[in-house]
Amino acid sequence: MAKFVIAGRADCPYYVRTELLGDRLERNLSDFKVHKIVKQPDDWENWLREVCEEKGWDHSKSPLVWRELIDRGGKGVLIGGANEFQEYVQAYYDLESAMTSDDMLKCADENLQTKIEVDVDQKELKSQSTPLHVCVTNASQPVSYSLVTRIVSGEVFGEDAEIALHLLDEKKNADRLSGMELEVYDLAEPLLRQVYVTSDPREAFADCSVIILLDSVDRQEEETRESWLERNADHFSNYAKIINERAGRNCKVLLSGSGPINFNAYMMIKNAPNVPRQNIVGLSRLVENRAKAVMGEKLKVNTADVVNVIVWGSVNGCHYIDVSETRVHRYDGAIWGPPSFSVSAVEMVHNTAWLEKDYIELVKSRHVKVESAVGRKCALAEACAITSMLKHWMDGSPTGQIFSLAIFSEGWYDVPEDLVFSFPVTLDPKGYWNVVQDITLTDETKAKLKLSYTELIEEKQVMFPPPVVELQESAKVSETDTQSNKQQTPDQVASGGTETTEGGQSKEVKEGEQEVQGEQGVKEEDTEAKDKEEESEEQKDAKDDKSGDIEEEPSQ
């Protein structure tokens, strides 16, 4: 696809000729797209200088024409002014403009008046508008294209919600992000009020009511897990501190991506005290939707007809897919009913071995299978999971259906507090979530939940190690005993006292003599014990004799 940007001063006759020539090509060529930028005469010079400095071009007149490299990124290819564009079109499409100078001047005056009127209308409209500020980070990624389209169309936040879109990415992706900005405007969505493109998080998060974090900190080769988690913690803690300062007080933050989502959400909760912790959540729905898709294929039903699949635990780590509550609608079985009628998925599968082994493996390998087939990341599925989650969060989820969400634990289902854990939830009322607390867990399920939260505890301890006070006290006691033992002989240590001489001074026993002295001490103790036993026997016999004499004495 060929996409050209034609920018110019509103009163410039050469811009008119270039603009109309571009319109003619766009009408006749399906793959030829034109994006127009019109500036007031007073604003043109500053705008032109900033664009040329950013892209490294040398151009000083109106119009300015360049070609966007949509599929390859980069700053684009400079075409030049009106004459250069005319030559380009003549060479590639064998087409030229037939406008006279008088027509160009008349159209230029009309352009200027129209631009003035449009700017006045837009200024008045913006003054009356209170748009919802939505930020998408790592916005140059493929998932953003599907995500942004749904956001500005009104599908996610409603047909009455005007959108101010904030796109954040690194400076190295600035050119690609600028091209995306042009494409978003080209959508011509009536709810779109403004697009902000920046590489500064402080600008991106300012006044935002919804923030979608698509960042992933890639793990390097041979990098330890601890080091990788520390880099994740630094990245998302920095985001949290800025959000805490710059975003709206009731801002909703949704984390997605391929990293340790639970851990990253936990670090953000710890570093954003002004944002309610229930407003920082991790996306479980992508895993949940994959599990529904596999179940749908097994039972030959639509994925949307599979409901109440629960993802417990760590989203991208150790988690458990629970189908004990899963129901299936429109299943072609022996019993039929209205659309609201459903049957148990477990009963319909009727294969415990498949559910416990094959099903889990199919869900885990689902994204690999899809990515291998399409040759890229699963951008469409992730965008759909994000938008459906946001829609339910803002408007409420369907009655009677259970979804999964990684949230801050308060001890539900014996999962320790102070962890971010994926639980079954309903998103009702609007803007809130509630944990479903009446699900019966088997011993096997409890064991799998324990494996999951044990992993999350270990991740947390990378940044928040457990206290070691008791170990230090034990070490001190051991050290004291060691020092005391150094000053005592083995006999003294065994007896619990200090052996002294008649002068009151401690004896020093050489190491070579300790064992011998110890054995002699044991022998002497044994001899003394035997003597005491013999003496006690003799004393006992003597007492018996005396008692016998007294009993034989006649009474008086």
Side-chain angles (χ1 to χ4, degrees), residues 205 208-213 215 229 232-233 235-244 247-257 259-288 310-320 322 385-386 389-390 392-394 397 402-439 441 446 449-466:
F205 298 150
C208 282
S209 298
V210 178
I211 298 175
I212 305 166
L213 299 178
D215 296 62
L229 288 172
N232 273 274
H235 182 80
F236 286 92
S237 295
N238 180 56
Y239 271 179
K241 292 173 183 176
I242 298 172
I243 291 172
N244 188 68
R249 288 295 178 246
N250 198 35
C251 178
K252 289 178 169 54
V253 181
L254 177 63
L255 287 85
S256 184
I261 289 178
N262 298 57
F263 175 79
N264 294 338
Y266 177 81
M267 294 306 304
M268 294 196 69
I269 290 172
K270 289 298 181 181
N271 289 278
N274 292 337
V275 179
R277 66 187 185 188
Q278 64 267 23
N279 282 11
I280 300 177
V281 300
L283 183 74
S284 304
R285 191 162 297 192
L286 182 56
V287 178
E288 178 187 321
I310 302 172
V311 179
W312 301 91
S314 178
V315 176
N316 290 333
C318 179
H319 59 257
Y320 172 56
D322 185 0
I386 293 171
M389 167 58 207
L390 288 173
H392 289 165
W393 200 0
M394 302 300 289
S397 57
I402 300 174
F403 298 89
S404 304
L405 190 64
I407 55 179
F408 193 84
S409 173
E410 294 184 6
W412 303 291
Y413 295 100
D414 295 328
V415 175
E417 298 181 14
D418 200 39
L419 289 176
V420 172
F421 195 86
S422 182
F423 285 101
V425 301
T426 58
L427 294 115
D428 186 66
K430 297 179 180 180
Y432 298 90
W433 49 258
N434 289 288
V435 175
V436 179
Q437 302 184 45
D438 58 354
I439 296 174
L441 303 183
K446 291 178 181 178
L449 263 62
K450 185 175 181 180
L451 285 176
S452 185
Y453 67 65
T454 299
E455 179 186 78
L456 292 172
I457 290 173
E458 292 174 353
E459 290 181 353
K460 183 181 75 171
Q461 288 177 350
V462 172
M463 300 305 298
F464 303 97

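Not measured: the values here are computed from a predicted model. Throughout, residue positions are numbered sequentially from 1 according to the sequence presented.
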For [X], which residues count as a side-chain hydrogen bond (donor to acceptor under 3.5 Å, both in side chains) partner, sequence neighbours excluded?
X: N264; answer: N232
X: N271; answer: S237
X: S256; answer: E382

Within this structure, what is the [atom1]-[atom2] distance for the pair [X] and [Y], rounded to the nearest 0.5 Å?
X: F236; Y: M268; atom1: CZ; atom2: CE; value: 7.5 Å
X: F408; Y: E417; atom1: CZ; atom2: CD; value: 7.5 Å
X: E455; Y: N262; atom1: CD; atom2: CG; value: 9.0 Å
X: K446; Y: L451; atom1: NZ; atom2: CG; value: 15.0 Å

Please report the shortest heavy-atom distance between [X] and [Y], naming the atom on each side.
X: H319; Y: S452; result: CA-OG, 4.3 Å
X: L283; Y: A385; result: CD1-O, 3.8 Å
X: E459; Y: F263; result: O-CE1, 3.4 Å
X: V210; Y: C251; result: N-SG, 4.3 Å

Taking the side chain as every heavy atom from C-beta outward, state whether [X] and [Y] have any pair of such atoms under 4.5 Å apart.
X: L390; Y: I212; value: yes
X: D414; Y: L449; value: no
X: R285; Y: V311; value: no
X: P416; Y: I457; value: yes

Task: Criterion side-chain hydrogen bond (donor to acceptor under 3.5 Å, both in side chains) against S422, the qualifying member of S404, S314, S409, S284 - done: S284
Task: Derivation and outcome, side chain to side chain contact (heavy atoms under 4.5 Å, CB included), residues V425 and I407 - done: CA-CA 10 Å; V425 301; I407 55 179; 4.1 Å; yes
Tell me, please, which residues at least two apart from [X] pass ring pair (Phe, Tyr, Trp, His ring centres under 6.0 Å).
X: Y239; value: F205, H235
X: Y413; value: W312
X: F421; value: F423

Task: Sequence neighbours excluded - salt bridge (Lys or Arg N to Asp or Glu O under 4.0 Å) pairs with any residue from residues 263-280 - done: K270-D418, R277-E410
Open item on the list: Once salt bridge (Lys or Arg N to Asp or Glu O under 4.0 Å) is applied, do any residues pair with K252, and if so which ones, sequence neighbours excluded?
Closed with: none
Task: Those residues that, when tested against E458, pass salt bridge (Lys or Arg N to Asp or Glu O under 4.0 Å) (two or more places apart) - done: none
- [ ] Give a yes or no answer on whether the side chain of R249 reaches the backbone of N244 with a donor-acceptor pair at less than 3.5 Å.
- [x] yes
- [ ] Evaluate the criterion side chain to side chain contact (heavy atoms under 4.5 Å, CB included) for residue pair L213 and L254; output intermediate values, then yes/no.
- [x] CA-CA 6 Å; L213 299 178; L254 177 63; over 6 Å; no
Open item on the list: Checking F403 against W393 for the side chain to side chain contact (heavy atoms under 4.5 Å, CB included) test, could you report, in this order, the C-alpha distance in whole Å, the side-chain angles of both residues, the deciding distance, and whether it holds?
Closed with: CA-CA 11 Å; F403 298 89; W393 200 0; over 6 Å; no
Task: Listed partners of I261 passing side-chain contact (heavy atoms from CB on, under 4.5 Å), at least two apart - done: L255, V315, N316
TODO: Could you list the residues that satisfy side-chain contact (heavy atoms from CB on, under 4.5 Å) with V275, not counting sequence neighbours?
DONE: I243, A272, N279, I280
Open item on the list: Are there over 12 heavy-atom neighbours, none belonging to N274, within less than 6.0 Å of that residue's CG?
Closed with: yes
Which side-chain N or O atoms in residues 427-438 pair as donor and acceptor under 3.5 Å with protein atoms at least two apart or in another chain?
from : atom 1 : to   : atom 2 : distance (Å)
W433 : NE1    : Q278 : O      : 2.8
N434 : ND2    : D428 : O      : 2.4

